[in-house]
Every structure is written in structure tokens, then in C-alpha cells.
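Shown next, in C-alpha cells, is the structure this report addresses.
Just so it is clear, the model here is predicted, and its values are computed rather than measured. Counting starts at 1 for both ligands and their atoms, in listed order. Note that the numbering runs from 1 along the sequence shown for the chain.
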Amino acid sequence: MKQTYITLNDGNKIPQFGMGVYMVPDGEPTKKAVLDALKLGYRHIDTAHAYQNERSVGAAVKESGIPREEIWITTKLWPSEYGEGKIMAAIDKMLARLDTEYIDLLLLHQQFRDYLGAWKDMEKAVAEGKVKSIGISNFESERLEELCQAANIKPAVLQVECHPYYAQEKLKERIAPYGTMIESWYPIGHGDKNLINEPVFTELGKKYGKTNVQIILRWHIQEGNIIFPKSTNPEHIRDNFDIFDFELTEEEMDSIRVLDKGVRFFNMSLAEQEAHLGQFVPAD
Ligand SMILES: NC(=O)c1ccc[n+]([C@@H]2O[C@H](COP(=O)([O-])OP(=O)(O)OC[C@H]3O[C@@H](n4cnc5c(N)ncnc54)[C@H](OP(=O)(O)O)[C@@H]3O)[C@@H](O)[C@H]2O)c1
């Protein structure tokens with residue numbers, strides 16, 4: 001079975017599986033993890049200006065020798081960069097850091113400050129060919145509908161916390177009218193042992209000859225979620241991608257769906273998030 005692609009609401013095809021590099025240090029650690037992944041067949045990398053490792057992602061993509069058009073690069077603008085008129089300069093700096101002519105998917109990282117002005121400029125960046133697809137991340141308040149209704153280009157994706165303990169069924173209903181797809185961050189609960197060791201994953205793992213994490217990742221794929229688990233461990237990088245040769249039955253999917261307890265791992269209120277944001281401006 002081959003890795004799967006999802007056609008977004010703008011017609012672009014995103015690899016449904018990739019690797020995230022949140023909290024991976026810039027330099028050798030990011031470069032090595034991305035190169036390891038690309039060698040195994042990964043074709044999708046999720047980074048952000050805030051992660052401060054775009055340069056190493058770009059360097060790994062170049063060094064891999066894989067044609068640029070075969071690799072999907074997602075990155076994200078931080079709220080300090082939002083504002084109509086400011087975004088273009090921020091995108092040009094991103095392109096330079098990533099050492100690329102275009103960004104496959106550009107997201108607004110957080111739902112604060114001038115996100116509406118920022119979106120207008122992101123639409124212009126699509127028209128200019130600097131960005132192929134645009135989307136949002138962490139918009140779960142009423143700001144989600146505000147942005148979607150104001151947008152000429154509807155967000156292609158909404159990136160949020162999503163895993164078997166927090167499956168985001170209600171959010172999926174809210175974004176369905178816009179054709180927006182869910183991208184799951186914390187797909188394996190940021191490595192949470194309670195989630196990973198749930199007996200249902202062990203049981204299904206035995207049946208299919210897979211690890212608990214592989215069962216969770218396969219569940220995401222069959223739920224239609226776009227995922228990019230983070231790893232710097234070569235064995236995990238290899239195993240995480242090895243999920244395209246088996247299929248869970250509908251009954252087995254249901255036995256995982258009942259784990260949805262409405263429990264998040266990331267629990268900051270909007271006000272706390274906004275306060276936290278004020279302390280951080282990513283370096284160019
Ligand atoms: N938009 C946002 O605000 C936002 C927020 C958070 C994350 N994200 C994105 O989502 C991506 C994934 O989220 P995340 O990195 O926080 O969490 P995650 O992918 O759910 O979990 C990563 C953790 O799981 C471990 N792990 C990976 N594969 C494993 C395996 N096969 N067996 C056991 N442990 C394994 C990793 O350790 P090892 O490295 O040792 O394998 C790491 O500690 C991020 O990298 C980022 O791209 C976005």
C-alpha cells in the first residue's frame with residue numbers, strides 16, 4: 001500500500017503523512033532528522049518560524065537531491081509578523097531561510113492580533129506564486145468563523161491538537177462548510193505514555209504485527225487527518241512511516257473512537273496564550 005494524499009479545497013494534493021520538527025534544535029539535529037525521513041520516503045515536513053529551524057529544513061531538502069516539487073513544506077507565521085502590508089516581507093524572509101522559491105502551505109500559527117489583515121496578504125502571496133496553499137492553526141474560538149467568512153480563499157487546513165483522546169469531531173463539523181481539512185498536532189499525544197499504552201492499541205498491534213504508535217497513526221490516516229509525528233530517533237522515524245500496509249476494520253476504528261474523552265494535553269486558556277505570545281518574537 002502506498003502513502004496517501006489528500007486533495008485540498010484549492011485542488012493541491014498534500015501527502016497525508018509527514019514529519020514535524022517542533023522542539024528539534026536548529027542545525028544538525030533538524031537536518032539529520034529531515035534527511036533520515038526523506039531517505040525513507042517521507043515527502044512532507046511541518047516547521048514554523050517559531051520553531052527557529054527553517055534553515056535546517058531547507059538545507060536538508062537541498063541536500064536530499066529530491067526534486068523540490070516532490071516535497072511538501074509547511075511553515076507558519078508568528079503573530080508578531082501579522083498585519084496587512086507586513087506579511088510580504090515576512091514571507092520573503094521565510095523563502096530565504098528555507099532556501100526555496102515557494103512554500104507549499106503557509107499557516108497563521110495563532111489566532112491573535114491582526115489575523116484578518118494577515119490573511120489578505122497571504123491571499124496576495126498565493127496570487128504571486130510565493131505560496132501554494134494557505135491555512136490556519138489553533139483557531140478554535142469564534143475567530144475561526146470570522147476568518148473563514150471574511151476569506152476569499154477559504155483555509156485549506158486547520159492545524160489543531162488532535163489524537164484519540166481529543167478527536168475534534170465538533171470542530172470537523174464547523175469547518176466542513178469551508179472544505180477545510182484537519183491537521184493533527186500532538187498526533188501521539190506528544191509521546192504521552194498513558195495514551196500510547198492504551199490496551200486497545202496493544203491488542204490491535206498484536207493482530208497486525210505493529211507497535212501501539214503505528215496503530216494510533218493508522219487510526220489518524222483512516223479518520224482523514226493529516227499527520228506529521230515528530231521524531232529524531234531513526235527507529236521511530238522508520239516505524240512511524242510503516243503504516244501503509246494494513247487497514248483497521250470499521251469495528252476496530254470504533255473501538256479506538258470510544259477513547260475520545262475530550263481531554264487535551266495542552267490546556268492554556270486564550271488569555272494565557274495571548275500573554276505567553278507577548279514574550280516571544282522569533283529571530284529572523
Ligand atoms: N500548530 C501548533 O501550534 C503545533 C503545536 C504542536 C505541534 N505542532 C506540530 O505537530 C508536530 C507533532 O507534534 P509533537 O511533536 O509535539 O508531538 P507528537 O508527534 O505527538 O509526539 C512526539 C513525541 O513522541 C515521540 N515519538 C515519536 N515517534 C515515536 C514512536 N514510534 N514510539 C515512541 N515514541 C515516539 C517523540 O520522541 P522521539 O523524538 O524520541 O522519537 C516525541 O517525544 C510537531 O512537530 C509540529 O510540527 C504544531
Side-chain angles (χ1 to χ4, degrees), residues 14-26 29-30 32-34 36-37 40 42 44-54 56-57 72-79 104-112 115 135-140 144 155 157-168 171 181-198 201-202 205 210-221 225-243 263-268 270 272-274 276-277 280 282:
I14 185 171
Q16 195 182 354
F17 179 90
M19 188 170 75
V21 291
Y22 175 45
M23 294 174 71
V24 184
D26 196 24
T30 296
K32 181 177 181 312
V34 174
D36 285 351
L40 284 163
Y42 284 57
H44 173 177
I45 306 296
D46 184 273
T47 183
H49 186 193
Y51 303 169
Q52 301 274 266
N53 54 19
E54 289 167 309
S56 310
V57 170
W72 182 281
I73 302 176
T74 297
T75 190
K76 315 179 190 88
L77 289 157
W78 194 246
D104 295 274
L105 174 60
L106 180 65
L107 307 184
L108 290 175
H109 204 149
Q110 305 285 353
Q111 52 174 341
F112 301 106
Y115 47 88
I136 50 182
S137 158
N138 298 311
F139 279 65
E140 295 191 54
L144 169 62
V157 305
L158 169 58
Q159 189 176 119
V160 286
E161 178 174 351
C162 179
H163 43 71
Y165 283 169
Y166 203 80
Q168 294 283 17
L171 195 64
M181 297 303 296
I182 287 284
E183 291 197 329
S184 305
W185 58 255
Y186 283 13
I188 53 172
H190 202 55
D192 181 76
K193 292 282 175 280
N194 289 328
L195 173 66
I196 292 175
N197 292 328
E198 283 285 350
F201 303 133
T202 310
K210 296 288 176 183
T211 66
N212 291 29
V213 166
Q214 288 171 318
I215 300 292
I216 300 176
L217 296 175
R218 182 69 212 174
W219 171 85
H220 277 285
I221 294 291
N225 302 329
I226 299 161
I227 49 171
F228 24 81
K230 169 264 167 187
S231 184
T232 48
N233 174 327
E235 263 176 46
H236 291 168
I237 295 175
R238 188 199 59 219
D239 287 354
N240 292 350
F241 190 46
D242 185 17
I243 55 168
V263 171
R264 290 174 183 267
F265 293 106
F266 185 82
N267 276 310
M268 265 194 204
L270 260 193
E272 285 166 337
Q273 286 178 46
E274 194 154 18
H276 175 73
L277 190 92
F280 176 63

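Atoms of ligand 1 lying under 4.0 Å from at least one heavy atom of Gln159, given by number and element, are 1 (N), 2 (C), 4 (C), 8 (N), 9 (C), 48 (C). Residue Asp46 approaches ligand 1 through these ligand atoms, each under 4.0 Å from one of its heavy atoms: 9 (C), 46 (C), 47 (O). Of all atoms in ligand 1, listed by their number and element, those nearer than 4.0 Å to a heavy atom of Asn138 are 1 (N), 2 (C), 3 (O). Counting the atoms of ligand 1 from 1 in the order shown, those under 4.0 Å from a heavy atom of His190 are 14 (P), 16 (O), 17 (O), 18 (P), 20 (O), 21 (O), 23 (C). Close approach of ligand 1 to His109 (heavy-atom distance below 4.0 Å) involves ligand atoms 1 (N), 2 (C), 3 (O). Heavy-atom contacts of Thr232 reach the following atoms of ligand 1: 39 (O) (cutoff under 4.0 Å). Near Gly189, with a cut-off below 4.0 Å to any heavy atom, the atoms of ligand 1 are 20 (O). Near Gly191, the atoms of ligand 1 lying under 4.0 angstrom from a non-hydrogen atom of the residue are 21 (O), 23 (C), 24 (O).
Selection from Tyr22, Phe228, Tyr51 by nearest heavy atom to atom 11 (C) of ligand 1 gives Phe228. Closest to atom 25 (C) of ligand 1 by heavy atom, among Ile188, Asp242, Asp239, is Ile188.
Contact check on Lys193 versus Glu198 returns no salt bridge, with no Lys/Arg side-chain nitrogen under 4.0 Å from an Asp/Glu carboxylate oxygen. Salt-bridge formation is not detected for the pair Asp242/Arg238: no Lys NZ or Arg NE/NH1/NH2 atom is positioned less than 4.0 Å from an Asp or Glu carboxylate oxygen. In summary, Asp46 and Lys230 do not engage in a salt bridge, as defined by a charged side-chain N under 4.0 Å from a carboxylate O.
Residue-level proximity to ligand 1 for Pro187 is carried by backbone and side chain together, each with a heavy atom below 4.0 angstrom. Of all the heavy atoms of Asn240, the ones lying under 4.0 Å from any atom of ligand 1 belong exclusively to the side chain.
Of the options Tyr186, Trp185, Trp219, a side-chain contact (heavy atoms from CB on, under 4.5 Å) to His163 is made by Tyr186 and by none of the others.
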Trace of the side-chain contact (heavy atoms from CB on, under 4.5 Å) decision for Trp78 with Leu277: CA-CA 9 Å; Trp78 194 246; Leu277 190 92; 3.6 Å; yes
side-chain contact (heavy atoms from CB on, under 4.5 Å) between Ile182 and Val157, intermediate numbers included: CA-CA 6 Å; Ile182 287 284; Val157 305; over 6 Å; no
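Closest protein heavy atom to atom 13 (O) of ligand 1: Tyr186 N, 3.4 Å. The nearest heavy-atom contact from the protein to atom 38 (P) of ligand 1 is Ser231 OG, 3.5 Å. Of the protein's non-hydrogen atoms, His236 ND1, 3.5 Å is the one closest to atom 35 (C) of ligand 1. Atom 22 (C) of ligand 1 has as its closest protein heavy atom Lys230 O, 3.5 Å. Atom 5 (C) of ligand 1 has as its closest protein heavy atom Trp185 CD2, 3.3 Å.
In this structure, the side chains of Ile226 and Gln159 stay at 4.5 Å or more apart for every pair of heavy atoms. Side-chain contact between Ile14 and Met181: absent, with no pair of heavy atoms (C-beta onward) separated by less than 4.5 Å.
Side-chain contact annotation: Glu54 with Thr75, donor-acceptor N/O pair under 3.5 Å present.
Separation of the His44 and Phe228 ring centroids falls under the 6.0 Å cut-off.
Taking the six-membered ring for Trp and thresholds of 30 and 60 degrees, Tyr22 and His190 have ring planes inclined between 30 and 60 degrees apart.
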